[in-house]
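If you're wondering where the values come from, they're calculated on a predicted model, not measured in any experiment.
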Amino acid sequence: MTIEVKNEVYMAHYNFANAPEFTSVSDAIGHFVEVPTCIGAYLDEQQQVQLIAPHGVADLLALRCRPISFYQQDEQHLAIFRERMATKQWQQRWPKLQLTEK
């Protein structure tokens, strides 16, 4: 498993220069390309793990991978999702993973 850490303040314009700035950590996480990767965790004041999952966890638990609606809007956006799926090759690692564009 690979975990990446990036400063999300710089990621709003990573794929599209005209994308609006993120308004919060949850907003930034909610803009990851694929629904099941839109998840984060942190420790609250009581040292309890809290999840940030703007799109829920259903896709993650069902082994379903699809782009968030932002990346479904046109071919230019879908191309980013397709390229990521080709590069990451998650289906080789998890053969039961279902890839869908909707």
Side-chain angles (χ1 to χ4, degrees):
M1 176 168 67
T2 302
I3 297 174
E4 296 180 40
V5 176
K6 295 184 177 167
N7 188 335
E8 288 303 316
V9 74
Y10 302 110
M11 298 304 292
H13 307 291
Y14 184 76
N15 289 316
F16 298 99
N18 61 348
E21 297 290 332
F22 298 136
T23 60
S24 65
V25 170
S26 182
D27 184 36
I29 289 171
H31 280 87
F32 293 173
V33 177
E34 311 86 15
V35 171
T37 63
C38 295
I39 190 164
Y42 67 95
L43 290 175
D44 66 15
E45 293 85 23
Q46 291 78 36
Q47 300 301 299
Q48 299 295 309
V49 175
Q50 299 295 323
L51 291 180
I52 301 171
H55 302 284
V57 296
D59 283 5
L60 180 63
L61 296 175
L63 291 174
R64 184 174 45 244
C65 186
R66 61 187 169 99
I68 65 168
S69 59
F70 180 80
Y71 286 95
Q72 293 178 18
Q73 63 183 302
D74 57 33
E75 284 299 313
Q76 181 184 12
H77 288 76
L78 275 172
I80 292 168
F81 171 77
R82 291 175 186 140
E83 175 63 27
R84 284 178 54 83
M85 295 304 97
T87 301
K88 298 211 178 268
Q89 299 182 358
W90 287 336
Q91 282 187 300
Q92 288 182 353
R93 186 175 208 148
W94 298 290
K96 294 181 181 180
L97 180 67
Q98 305 163 35
L99 293 180
T100 180
E101 293 184 358
K102 295 286 179 185

Could you report the tightest heavy-atom contact between [X] and [Y], atom names first, then the distance?
X	Y	answer
Val49	Ala41	CG1-CB, 4.1 Å
Gly40	Ile29	CA-CD1, 4.0 Å
Tyr71	His31	CE1-O, 3.8 Å
Ala86	Gln89	O-CG, 3.1 Å
Asp44	Gln50	OD2-NE2, 2.9 Å

In one Ile/Leu/Val/Met/Phe/Trp/Tyr side-chain cluster, 4.5 Å: [X], [Y]:
X	Y	result
Val57	Val35	no
Val33	Ile39	no
Leu60	Tyr42	no
Leu61	Leu51	yes

| message | Do His77 and Pro67 make a side-chain contact, defined as non-hydrogen atoms from C-beta onward lying under 4.5 Å apart? | response | no
Side chain [X], main chain [Y], donor-acceptor under 3.5 Å:
X	Y	result
Gln91	Leu97	yes
Glu34	Phe81	no
Gln73	Phe70	yes
His55	Gly30	yes

Next item on the list: Could you name each residue pair satisfying side-chain hydrogen bond (donor to acceptor under 3.5 Å, both in side chains) that touches residues 59-70, not counting sequence neighbours?
Entry: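 Qualifying pairs: Asp59-Arg64, Asp59-Arg66.
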If I take atom [atom1] from residue [X] and atom [atom2] from residue [Y], how far apart are they, to the nearest 0.5 angstrom?
X	Y	atom1	atom2	value
Thr37	Ile68	OG1	CD1	8.5 Å
Arg82	Leu99	CZ	CG	12.0 Å
Cys38	Ile52	SG	CD1	11.5 Å
Lys88	Glu83	NZ	CD	10.5 Å

Sorted by chain and number, sequence neighbours left out, salt bridge (charged side-chain N to carboxylate O under 4.0 Å, His left out) with Glu45 holds for none
